[in-house]
Every structure is written in C-alpha cells, then in structure tokens.
Protein chains: 2
Amino acid sequence: MLTPGQRKVFDFIKDYISREGFAPSLAEIAAGLGTSSRGSMHKQVQALAAAGLIRLLPGRKRGIELVEDGADGDTPPATLPLLGRIAAGQPIQAIPDEQTLNLTEFLLGPNRFALRVQGDSMIEAGILDGDTVIVRRSDTAEDGDIVVALIDNEEATLKRFHRRVGGRIELAPENRSLRPLVLDARRVRIQGVLVSQLRTYD
Amino acid sequence: MLTPGQRKVFDFIKDYISREGFAPSLAEIAAGLGTSSRGSMHKQVQALAAAGLIRLLPGRKRGIELVEDGADGDTPPATLPLLGRIAAGQPIQAIPDEQTLNLTEFLLGPNRFALRVQGDSMIEAGILDGDTVIVRRSDTAEDGDIVVALIDNEEATLKRFHRRVGGRIELAPENRSLRPLVLDARRVRIQGVLVSQLRTYD
DNA sequence: GTTGAATGTTCTCCTTTTGTTCTCTATCCT
DNA sequence: AGGATAGAGAACAAAAGGAGAACATTCAAC
C-alpha cells in the first residue's frame with residue numbers, strides 16, 4: 001500500500017505525463033505538491049520504483065517512466081465501491097447494506113439492448129444527446145413509461161407513453177419546444193421500455 | 001463472524017481507500033466512526049487482520065492493505081447488443097463497427113467509485129435526484145469538469161469546476177435556481193472527476 | 001569540445017504524524 | 001455476576017517526510 005505522499009507523487013506524475021508528454025523533474029513534483037524539497041521527492045520516487053509503479057533511469061533528467069501494467073495494479077472489478085450518497089452541503093453519507101454497485105445486475109437483464117440517443121427530445125427527463133439507453137424488449141408498456149416506439153413501421157422514436165381515450169396513444173417528448181404526438185394505436189408499435197440510461201464524460 | 005464494530009471499521013477502510021488511494025490512519029478511522037480512540041481502533045484492526053480481511057504492516061503508518069478477494073479471474077464480459085442510434089422521426093440506424101456495448105470498459109476502470117446523487121443541483125446537466133455517478137479519484141480537475149469536491153473538509157458536493165482569477169475556484173451547480181459558489185482554492189479539495197452517470201427506471 | 005544551467009543524488013537535521021501499549025470505564029447480553 | 005465489546009485518554013517510539021546544503025551528472029547551447 002502506498003503512503004499518502006507516494007500516492008500524491010504518483011498521481012502527480014501520471015497527470016504531468018499525460019498533460020506534458022514527458023516526465024516532471026523532482027523540483028516540479030515538489031512544487032506540484034506544495035513543498036520545495038527535491039531530496040524528499042527523490043525518496044518518494046525511489047519508493048514508487050521499489051513498488052513497481054514506475055521505472056527510473058538513474059541519473060537521467062526527468063528519468064521517470066510509467067510502468068504499463070493493467071492499471072494501478074488492480075484488476076478492474078465487475079463491481080464498483082458505492083461510497084454513499086452525495087448531497088450538496090453535506091458530508092457523504094454511507095448507505096447501509098449497499099456498499100458495492102454491481103453493474104451487471106444493475107444494468108443487465110434478459111431481453112435488453114442498448115441504443116445511442118440522438119437529439120434533445122427527452123432532455124427534460126435527463127436524457128441528453130449522445131446518451132446511451134438500455135431498453136427491455138416488450139410490446140406493451142405502462143402509462144408513463146418511456147418507450148421505444150415504431151410509428152407506421154417506419155420511424156423509431158423515444159418518447160413517454162400515455163394512453164388516451166378512444167384507443168389513441170400519446171407519445172410525448174420531454175422538451176417544451178416539441179409537441180406530443182397523438183396517434184391511433186394501430187399506427188404505433190411498442191418495441192421496448194426504457195430501463196436505464198447512461199452517459200460517459202470522457 | 002465480524003462484530004458490528006469490526007464491520008464498520010472494515011467498511012470504512014474500504015471506502016477510504018477507494019476514495020483517497022491510500023489507507024486511513026487509526027485516528028481517521030476513529031473519527032469516521034464518530035469516536036476518538038486510536039487504541040480502540042487498533043484493537044479492531046488487529047481483529048480484522050486475524051480474520052484475514054486485511055493485512056497489516058506492523059509499525060508502518062497507514063499500514064493497512066486489503067486482502068484481495070479470491071475468485072477474481074477475469075471480469076465477465078458484461079455486454080449488451082447495441083442496436084444503433086435512435087433519433088426522433090427516423091428508423092434506428094445501425095452504428096458501424098459498434099454492435100455491442102461493453103459495459104465493463106464503458107464504465108469500469110481503475111480508481112473509480114460510485115456515488116448516489118441526492119438533490120437537483122445538477123439537473124440541467126442531465127443528472128437527476130437518485131442517479132448514480134461514477135467518479136475517477138483525482139485531486140485535480142480541468143476547467144469545466146464536473147467534480148466531487150470537499151469544502152472545508154466537511155461538505156461534499158457535486159458541481160461543475162471552474163478556475164477563477166486570484167486562485168479562486170467556482171463550483172457551479174447546473175440549476176438556474178441555485179447560485180455558484182466561489183471559494184478560495186484552499187477551502188476546496190477535489191476528490192474526483194465525474195466520468196459517467198447512470199440511472200435506472202425500475 | 002566547453003560551458004553553464006538544470007537536475008539527480010546523498011546527507012543531516014527536525015517536525016509532525018501515527019502505530020502501539022496500557023489502564024480505566026461503560027455497555028450489552030446471557 | 002461474568003464475559004465480550006468497545007471507548008477515552010495518556011505515554012512512548014518509530015515512521016514519514018520536509019528543509020536545505022553540497023556535490024555529481026546531464027544536456028543543450030555555444
């Protein structure tokens with residue numbers, strides 16, 4: 001296990017290299033951590049090399065290389081630690097009985113598929129252009145579900161589903177600047193119900 | 001089996017390590033559990049080591065290592081079929097060279113942890129109350145990143161990060177009815193950068 | 001080449017943090 | 001009552017790591 005100092009040095013080196021394309025000098029590492037001792041950084045860097053996280057080219061200026069190994073040494077798990085609940089203005093509160101997030105059971109399931117969303121029609125439901133949605137195959141839906149529907153066997157659309165009187169169906173976007181569609185049920189074929197949504201920021 | 005105290009200590013240690021990247025000191029564990037006795041924590045930690053859940057490096061500061069759970073093997077693929085792109089008013093278009101969505105590489109990675117979001121402060125960024133976010137541990141951020149920040153070592157918050165003149169930092173909610181915070185950089189500690197967001201509708 | 005600034009290396013000295021050990025108490029449960 | 005569990009707090013020693021100096025090398029400019 002790394003000490004706090006080693007951890008900070010290692011993180012700094014990784015950031016620096018990805019930002020600048022070459023390794024930092026000891027003085028730069030020190031400055032990056034708010035100290036001024038090159039000697040101290042030398043010790044830290046030696047410790048990191050001993051831990052196998054970096055490789056040193058002794059004597060060379062900026063002679064630090066990252067050891068390319070899976071990651072930090074840990075294999076990425078199928079689960080992520082779920083630290084708790086974050087609410088503005090409060091410390092992170094642990095969630096009892098729920099310490100890990102199992103992505104598999106969280107997102108996977110029978111008859112599911114994914115779609116990439118294009119457009120802003122569901123923006124007020126928090127589904128943005130470029131998001132990925134996971135859909136459970138189903139030809140029926142509950143009132144209020146968000147569904148993937150095929151209109152006239154032609155156009156596909158992601159909308160909120162409502163039954164209307166007279167066997168009509170409303171497909172409502174979540175975007176004030178767009179109009180809901182109200183259609184005869186025969187023209188609408190439900191293809192699936194939205195079960196989850198995800199987005200990456202990389 | 002673990003005693004309640006041991007359980008809490010163990011959970012705290014796991015969360016701390018995934019959040020900070022290094023092990024907590026006994027005093028920090030105590031504070032995390034709302035007590036103040038390092039001596040008592042020392043006993044708990046010894047018991048956890050005896051139970052084989054952690055490994056201790058005697059005498060070392062923060063000398064706690066998590067024992068890797070066996071059964072690691074490889075992460076199961078965890079993929080979903082990616083049918084294509086859905087845009088209102090068009091048929092679903094296949095995305096060339098991208099027929100499956102690999103959730104593992106999409107969401108998992110080293111140094112990541114999850115948090116459940118409470119509140120509407122990021123609603124205009126499409127992050128709603130109850131969503132789960134995945135955060136990459138980092139103590140630095142780029143301008144415009146969404147970060148988990150600790151203010152005065154006390155309050156945690158999820159906000160958009162901007163550097164301001166004079167070494168000040170702006171933490172901006174994505175909600176027109178809330179005000180951005182502008183704080184001295186010394187009061188703000190970045191804990192991680194948002195890498196993804198997910199939501200389920202079950 | 002020569003040269004000089006940049007940079008790695010080694011040491012010594014110190015401060016602060018932190019593990020360790022002990023003693024005393026306070027609960028809780030059977 | 002008696003044991004298991006755990007908190008408070010004090011005292012001590014070791015570890016981590018910063019400061020700063022002195023020296024050795026590297027490396028790019030000349």
Side-chain angles (χ1 to χ4, degrees), chain A residues 1-17 19-67 94 96, chain B residues 1-17 19-67 139 150 153-154 186 189:
Chain A
M1 174 64 59
L2 302 184
T3 66
Q6 288 161 19
R7 176 44 86 184
K8 287 176 195 149
V9 169
F10 184 54
D11 286 349
F12 180 85
I13 291 170
K14 278 193 300 185
D15 284 357
Y16 189 101
I17 289 177
R19 193 171 20 142
E20 305 288 345
F22 50 86
S25 70
L26 294 178
E28 286 170 339
I29 298 171
L33 304 195
T35 69
S36 71
S37 169
R38 281 177 299 155
S40 195
M41 293 309 106
H42 184 253
K43 270 189 291 189
Q44 306 280 34
V45 160
Q46 292 294 331
L48 288 174
L53 293 174
I54 60 176
R55 199 173 16 251
L56 294 179
L57 315 175
R60 297 308 176 76
K61 298 179 151 184
R62 300 169 186 272
I64 297 173
E65 292 176 341
L66 292 178
V67 170
Chain B
M1 187 42 75
L2 299 186
T3 67
Q6 287 162 16
R7 172 97 257 156
K8 284 185 208 156
V9 169
F10 183 55
D11 289 343
F12 180 85
I13 291 170
K14 278 193 300 184
D15 284 358
Y16 188 101
I17 289 176
R19 187 162 24 102
E20 305 288 347
F22 49 85
S25 69
L26 294 178
E28 287 169 338
I29 299 171
L33 304 194
T35 69
S36 71
S37 169
R38 280 181 295 153
S40 193
M41 292 309 107
H42 184 252
K43 271 188 290 190
Q44 305 280 35
V45 159
Q46 293 293 332
L48 288 174
L53 292 175
I54 60 175
R55 196 173 18 250
L56 294 179
L57 315 175
R60 295 312 176 78
K61 303 172 96 145
R62 299 166 185 268
I64 297 173
E65 291 178 339
L66 292 178
V67 170
D139 55 8
L150 200 60
N153 275 314
E154 180 73 35
R186 280 166 299 200
R189 215 178 99 216

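Everything numeric in this text was worked out from a predicted model, so none of it was measured.
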With B:Glu20, the salt bridge (Lys or Arg N to Asp or Glu O under 4.0 Å) member among B:Lys14, B:Arg62, B:Arg189: B:Arg189

Does any pair with a residue in residues 35-45 of chain A pass side-chain hydrogen bond (donor to acceptor under 3.5 Å, both in side chains), and if so which ones, sequence neighbours excluded? A:His42-A:Gln46

Please find the pair of heavy atoms, one from B:Ala23 and one from B:Ile17, that lie closest to each other, and give the distance. CA-CG1, 3.8 Å

Name the residue closer to the 5' end of DNA chain D, choosing between A:Thr35 and B:Thr35 according to the nucleotide with the nearest heavy atom. B:Thr35

Its contact letters, B for base, S for sugar-phosphate only and - for none at protein heavy atoms under 4.0 Å, make nucleotides 16-27 of chain C read -BBBBB------

Could you pull out the closest heavy-atom pair between A:Pro24 and A:Phe12, with the gap in Å? CB-CE2, 4.0 Å

Between A:Phe10 and A:Ile54, is the side chain to side chain contact (heavy atoms under 4.5 Å, CB included) condition met? List the steps. CA-CA 8 Å; A:Phe10 184 54; A:Ile54 60 176; 4.0 Å; yes

Could you tell me the boundaries of the chain A footprint on DNA chain D, defined by atoms under 4.0 Å from its heavy atoms? D:dG17 to D:dC27

Shortest non-hydrogen separation from B:Gly21 to A:Arg7 and the atoms involved: O-NE, 2.9 Å

Test A:Ile64 against every option in A:Leu48, A:Ile29, A:Leu57 by the side chain to side chain contact (heavy atoms under 4.5 Å, CB included) rule and name the one that passes. A:Ile29

d(CD1, A:Ile29; P, C:dT9) in whole Å: 11 Å

Count the heavy atoms of every other residue, nucleotide or ligand shown that sit under 6.0 Å from CZ of A:Arg55, and state whether that count exceeds 12. yes

